[in-house]
Structure formats: C-alpha cells, structure tokens
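Because the structure is predicted, anything quoted here is derived from the model rather than measured.
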2 protein chains.
Amino acid sequence: MESRLQQIIARVQPLDERAQTLARARQDTLTKPQGSLGRLEALSVQLAGITGDPLPRIQHKVIVTMAGDHGVVAEGVSAYPQEVTPQMVHNFLRGGAAINVLARHVGARVVVVDMGVAAHLEPHRNLMDKKVALGTGNIARGPAMTPEQALQALEAGIAVVEAEVARGLDILGTGDMGIGNTTPSAAIAVALTGHPAVEIVGRGTGVDDAGLARKIAVVEQALTVNRPDPADALDVLAKVGGFEIGGLAGAMLAATAHRRPVVIDGFISGAAAMIAIGLAPQVRPYLIAAHRSQERGHRLMLEWLGLEPLLDLDLRLGEGTGAALGIFLAEAACKILAEMATFGEAGVSEKEK
Amino acid sequence: MESRLQQIIARVQPLDERAQTLARARQDTLTKPQGSLGRLEALSVQLAGITGDPLPRIQHKVIVTMAGDHGVVAEGVSAYPQEVTPQMVHNFLRGGAAINVLARHVGARVVVVDMGVAAHLEPHRNLMDKKVALGTGNIARGPAMTPEQALQALEAGIAVVEAEVARGLDILGTGDMGIGNTTPSAAIAVALTGHPAVEIVGRGTGVDDAGLARKIAVVEQALTVNRPDPADALDVLAKVGGFEIGGLAGAMLAATAHRRPVVIDGFISGAAAMIAIGLAPQVRPYLIAAHRSQERGHRLMLEWLGLEPLLDLDLRLGEGTGAALGIFLAEAACKILAEMATFGEAGVSEKEK
C-alpha cells in the first residue's frame with residue numbers, strides 16, 4: 001500500500017506555464033518601465049505559476065513553527081540549555097517571541113507544533129501535538145531516529161499543513177525551534193552537498209571558538225558513525241536529522257502538492273528543504289528563500305537548493321522570522337500585479353521605439 | 001538675515017546616545033540570542049537615536065514623491081517622452097502607480113508634490129503645488145536653474161515636510177518622478193564622488209547601448225559646461241541638479257531637523273541625499289538606505305553616502321517604491337524592540353556562561 005508520503009509526492013505538479021505567461025504579459029503592461037520592479041516582478045510570475053492563477057491573491061498567511069529537541073546537545077554543541085526549547089514554545093504560545101511580533105506585523109497566523117520536544121508540554125489550544133518522541137538520539141553516537149519515526153515526522157508535517165489548507169492557507173512560511181538544531185541541519189547539508197563540515201558548520205545561537213571546533217568534530221563524527229546515504233533523503237533524515245526538520249520537510253511537500261507557495265526561513269528550514277527536494281525534486285520551484293542567514297553554511301545550502309534569497313539582513317534566529325518578512329514581499333509582488341494600472345487604463349505613454 | 005534653509009540646518013542635532021544605549025540594552029534582554037536579528041536590531045537602535053526615544057514607535061508613515069522635468073531630455077537621454085511625467089503624476093493621484101500599491105501595503109500615505117513639471121497640472125486635493133518652473137534648463141548647455149531657484153526648491157521641500165510633521169509624520173520615505181532625472185542625478189554623483197561618468201551613468205528607465213553612450217557624453221558635457229564646485233552643494237544642485245532633487249534634499253533636511261528618520265529610495269533620492277549631506281554632513285545618521293538600485297552608479301553613491309542598503313531586489317523604478325519596503329522594515333525593527341518579551345518576563349533561561 002502507498003504511504004501518505006508517496007501519495008503527496010505523486011500529487012506535486014510542475015508550475016502552470018500558462019498562468020506564468022499571463023502574469024508576465026500583464027507585468028509588461030503596468031505603468032512602469034518593464035522589469036523595473038526586479039525581483040518583485042519575477043516573484044509575482046513564480047506565484048502565478050505555483051497557484052495556477054495569473055492574478056494570485058494572498059489572503060491567508062500561515063507560519064508553521066515546529067519544535068523539537070536533539071540528543072546531540074549532550075556533546076556541548078549549543079550555547080543554551082535544552083530547557084529553552086519548551087520555554088520558547090511557551091513564549092510562542094503567549095505571543096512574546098520574535099516570530100509572534102513579525103507574524104502580527106505581516107498579518108500571518110502562527111501555528112506552533114510540538115514535533116519532539118524533550119519535555120511534556122501542557123495542552124494548549126494553539127499548540128499542535130505531533131510529538132514523535134522526547135527528543136532525537138545523539139547523532140554523534142548513533143541514528144537520530146528510526147526510519148519509521150522519520151516517516152512519522154514527515155507525515156505529521158503533511159497532516160499539519162493539510163489541516164491549515166482546510167482552514168485557509170494561501171502561503172506557507174516555515175520556522176523552527178530546537179536547541180542544538182543547527183548541528184543536525186549542518187550534518188544534513190554536509191551529507192547532501194558533499195562539502196566538508198568546516199565549510200558548513202556555524203556558531204548557531206552563539207558558541208565560542210572551542211564550541212565551534214567541537215561542533216565541527218561532532219558533525220564529522222555523526223557522518224562517520226551513521227553513514228547516511230546521500231541518494232536517500234529519508235535515510236539522511238533518520239540518521240542525522242531531527243523531528244522538526246522532518247516535520248518541516250513534510251509541511252513543504254504538502255503545501256507544494258496543494259499548489260501553495262512555501263517561503264522558507266533560514267538554516268534549519270534550509271535543511272528541511274534539502275530533505276524535501278531529496279524526496280521530490282519537483283518541489284524546488286514552489287520554494288522561495290526568504291533570506292540568507294548569517295549561519296555559516298547557509299550560502300552553500302542555498303546554492304545546492306538552487307535558490308536566490310530575497311533578503312540579506314544578517315538574521316540567524318530561526319522561528320520563521322525571515323519567512324515572515326519574505327511573506328510580506330510575496331504579498332507585495334501579488335499586489336503590484338493585481339492593483340497597478342496598465343498604460344492603457346492610466347493614459348500613460350509607452351516607451352519610445 | 002538667516003535663510004529658512006540655514007535655520008533648519010542649524011537645528012540638526014547628533015543622534016541621542018542615551019536612547020541608543022537604552023535600546024541596545026533592551027535588545028540584549030529580549031528572548032533571542034543577542035544579535036540574532038542582525039540588521040533589524042541595529043536599525044531599532046538607530047531609530048532610537050534618531051527619535052530620542054528608547055522605544056521608538058512608528059505610526060504615521062509618509063512617502064513624499066516629488067515630480068519635476070528636465071531640459072536635458074532634449075539630448076535624447078530617456079527611453080520615455082517627457083509627457084510621461086505629468087501622466088504619472090495623474091496616475092499617482094488616482095492611486096494606480098506602483099508607489100500607491102506599495103504605500104497601501106505598508107500603511108503609508110503618499111504626498112505628491114509638483115516641484116517643476118513641464119506642464120500645467122490641474123489642482124487636486126492630493127497634489128501639492130510647489131512648482132519652481134516648467135522644467136529645468138538643459139544641463140548639457142547651461143545650468144539647470146539659478147541659485148535662487150535651487151534655494152527655492154530646497155525650501156519648498158522643507159515646507160512640505162514641516163506641514164506633514166504638523167499632520168503627523170513618524171518616518172519619511174522619499175520618492176521621485178521625472179523623465180530624464182537619472183541624468184542630473186548621475187551628474188551630481190560624478191561631481192561629488194569624483195568618479196568618471198562611465199562608472200556612474202546607467203540605463204535609467206531603459207535606454208539602449210547608443211542611448212547609454214549618449215547619456216555618458218551628456219553628463220561629461222554638463223560638468224564641463226557648468227563646472228559645479230564639489231565643495232558647494234547648492235552650486236552643484238543649481239548647475240546640474242533638478243527641482244525634485246532639490247525638493248527631496250530639503251525634505252531630508254527638515255525631517256532630520258525634526259528628529260524623524262528618513263528612508264531614502266534609489267538613485268534620484270541618493271543624489272538628493274548627497275546634496276543634503278553636502279549642505280549638512282550631520283544629516284547622515286538620520287538616513288536609512290532602503291535598497292541598492294539596479295541603476296549603475298548607485299553602489300558608488302551609497303559608498304560616498306556611507307550607507308549600507310537594507311534590500312537588494314534589483315529595483316530601478318523610483319517613486320519611493322524601495323522606500324516603502326524600507327519603511328516596513330523600520331517598523332518591524334521598532335515592533336521587535338517594543339513588543340518582544342524579555343528573558344525575565346517569559347521565564348526563558350539565558351545563555352550558559
């Protein structure tokens with residue numbers, strides 16, 4: 001029997017070329033020199049292709065922020081204690097975190113998901129419980145999770161997004177919370193890009209030089225111990241990934257299958273996007289990279305993903321903060337396409353031949 | 001007797017260091033790794049210093065879009081006919097231009113000013129009439145304007161912003177409209193930076209290779225004919241500038257004198273900022289560069305201004321479109337500072353020592 005994951009992957013279609021052609025043609029009739037709105041114009045055409053609508057409209061904006069813990073924190077790879085993961089989940093639920101502020105600023109709702117926090121969280125009306133386990137295994141010593149758990153994480157992400165699509169979702173932003181999660185994200189990037197750990201591993205929330213050296217050694221060790229197969233993204237996720245990373249990859253696949261644009265955040269969302277593309281390369285044109293993170297390996301990650309980020313503001317927070325800003329730009333692009341007057345409507349003379 | 005311009009320049013104060021220190025200290029108590037919101041954090045501190053308020057609030061957002069015509073279009077330096085300037089002013093007044101769409105998106109009001117359009121415009125409740133003349137002189141043959149007209153343009157910009165400050169203005173975005181106005185802007189940049197015209201002059205709204213070569217020659221000729229004194233910004237404005245450029249420079253000076261942040265748009269606003277800084281170097285810390293324009297010389301202009309742009313989206317439209325996006329980021333920065341929970345409030349553990 002086909003898994004839910006296989007069904008979703010089978011649904012992913014190429015972008016709609018007709019909608020893109022119509023959007024491009026309309027851009028060229030709007031009262032501005034052709035191409036003068038640069039990447040906003042290209043973005044509007046991409047959004048037309050994704051949605052299949054030559055005049056795409058973004059109304060319901062959703063940021064899915066997934067939380068999980070990581071056994072690898074035992075190796076001393078993070079500047080913060082693991083208890084911060086559940087503490088920050090509570091902060092999200094009370095509306096006091098950066099993602100809450102920026103989501104309000106752009107009119108998006110935040111969906112907080114427990115994918116595998118290493119603490120029992122009180123039920124809350126705004127918290128989705130998709131906990132796979134109380135944190136992953138320590139990837140420096142063995143696999144992060146079983147193949148069954150990897151599939152469970154992916155399918156949980158699919159279920160979260162399908163529920164949101166049912167409530168109304170025109171664009172998905174992805175976000176993460178998980179002390180230690182730049183380490184598995186770096187391990188995924190090293191496994192899939194083939195670049196050495198020293199070029200990928202960064203300081204995360206802010207480890208010092210000794211911490212950085214330790215983190216590089218831990219990523220190398222994780223790959224030696226686990227030997228993930230770069231041709232098998234599910235294997236990479238299971239061996240060196242994380243529950244929130246798997247959940248985000250599933251979320252991306254589901255949004256794509258439903259022809260919804262996905263604005264990916266920084267380094268952890270980038271690792272999730274690598275897993276999603278590893279499982280289904282046809283997902284790529286549905287992805288919009290919000291920003292270039294300050295985290296070291298993000299540049300090489302974006303290169304592998306084939307995505308050019310919209311923003312470069314030295315962000316390195318995660319949570320979906322960059323994605324929120326990216327959603328604002330996607331909405332701007334759609335409004336330009338839909339609301340600007342054409343040369344004909346405005347009685348403005350066109351370019352001289 | 002002191003001119004209004006001299007009075008305004010005398011009012012410009014350094015940034016408020018105490019407000020900056022308090023804002024910086026508060027950023028470091030918010031529930032995120034210190035510095036992890038990168039340029040948004042720095043921006044919030046700058047805004048605190050500008051306003052003198054450790055928790056600056058942006059409510060009234062104003063984009064001033066100034067229009068003017070340029071005698072130099074007689075040399076064939078633009079891809080569009082001069083009649084497009086008044087046509088686009090009408091488009092602004094009807095709300096169909098890109099700046100209207102983006103201003104609505106960020107909740108800003110657009111103030112359209114006729115600084116010197118080469119056509120008689122019907123009065124309109126949303127159009128401010130500050131017309132200095134029906135277009136400038138052809139800078140390839142002589143000065144753009146008289147010194148008296150340059151002063152008039154600057155003081156008109158001051159008056160426009162002071163009226164808006166009285167109505168409520170927490171942040172100013174600058175924008176321009178004027179067929180041919182990349183040519184005087186380039187001439188100003190060549191005069192003040194000392195870089196050769198070939199490194200500064202770009203394609204504007206889209207001239208072809210022959211048009212570009214002609215434009216470079218015209219800028220060189222304008223400098224040879226007029227010999228503007230780089231140590232005298234008023235002389236540069238009068239000899240090779242434009243009415244909307246002078247108006248925008250005045251607008252920047254007035255906003256600065258009233259401790260309001262100024263988000264400057266692209267190439268033409270950059271030229272105006274050069275004039276403003278040439279007149280009063282203490283204006284610089286009040287300026288926020290919204291984006292790096294695709295127009296060739298903008299990089300060198302920003303270097304001379306000492307400003308690092310927030311966005312790089314290949315925009316080259318003007319009107320204040322980039323400034324609108326920059327205003328959104330400035331507002332995001334203020335909200336982060338004001339609305340995020342501190343570690344203490346949220347009960348989140350701080351970084352391990």
Between Leu311(A) and chain B, with a heavy-atom cut-off of 4.5 Å, which part of the residue counts as in contact: side chain, backbone, both or neither? side chain

Portion of Ser293(A) that has a non-hydrogen atom of chain B nearer than 4.5 angstrom: neither

Best-contacting candidate, Gly38(A), Ser349(A), Gly96(A), Ala346(A), against chain B by heavy atom pairs under 4.5 angstrom: Ser349(A)

Greatest number of non-hydrogen atom pairs under 4.5 angstrom with chain B, of Asp314(A), Val101(A), Asn100(A), falls to Val101(A)

When rounded to the nearest 0.5 angstrom, what is the spacing between OG1 in Thr31(A) and CE in Met88(B)? 4.5 Å

Give a yes or no on whether a salt bridge exists between Glu339(B) and Arg104(A), defined as a side-chain N under 4.0 angstrom from a carboxylate O. yes

Could you state the interatomic distance from CG (Asn91(B)) to CD (Glu345(A)), rounded to the nearest 0.5 Å? 9.5 Å

Looking at His105(B) and Phe328(A), would you say the former's side chain and the latter's main chain have a donor-acceptor pair under 3.5 Å? yes

Rounded to the nearest 0.5 Å, what's the gap from CG on Asp312(A) to CD on Glu308(B)? Could you check? 9.0 Å

Part of Glu83(A) lying under 4.5 Å from any heavy atom of chain B: side chain

Residue His90(A) versus chain B: region with a heavy atom under 4.5 Å: neither

From Leu313(A) atom CG to Glu41(B) atom CD, the distance as rounded to the nearest 0.5 Å: 12.0 Å

Between Gly35(B), Gly95(B), Gly322(B), which shows the greatest number of heavy-atom pairs under 4.5 Å with chain A? Gly35(B)

Please give me the minimum heavy-atom distance between Pro81(A) and Glu350(B), naming the atom from each residue. CD-O, 3.8 Å

Could you tell me which portion of Thr321(A) (side chain, backbone, both or neither) has an atom closer than 4.5 angstrom to a non-hydrogen atom of chain B? side chain

Considering non-hydrogen atoms only, spot the tightest contact between Leu102(A) and Ala332(B) and give its length. CD2-CB, 3.8 Å

If I measure from the heavy atoms of chain B, does Leu43(A) come under 4.5 Å with its side chain, its backbone, both, or neither? neither

If I measure from the heavy atoms of chain B, does Phe343(A) come under 4.5 Å with its side chain, its backbone, both, or neither? side chain

So, for Leu37(B) and Ala98(A), which heavy atoms are closest and what is the spacing to 0.1 Å? CD1-CB, 4.0 Å

Would you compute the distance between atom CG of Leu317(B) and atom CD1 of Ile336(A) and round it to the nearest 0.5 angstrom? 8.0 Å

Does any heavy atom of chain B fall under 4.5 Å from the side chain of Gln34(A), the backbone, both, or neither of them? backbone

Please round to the nearest 0.5 Å and tell me the distance separating atom CD of Gln294(A) and atom CZ of Arg39(B). 11.5 Å

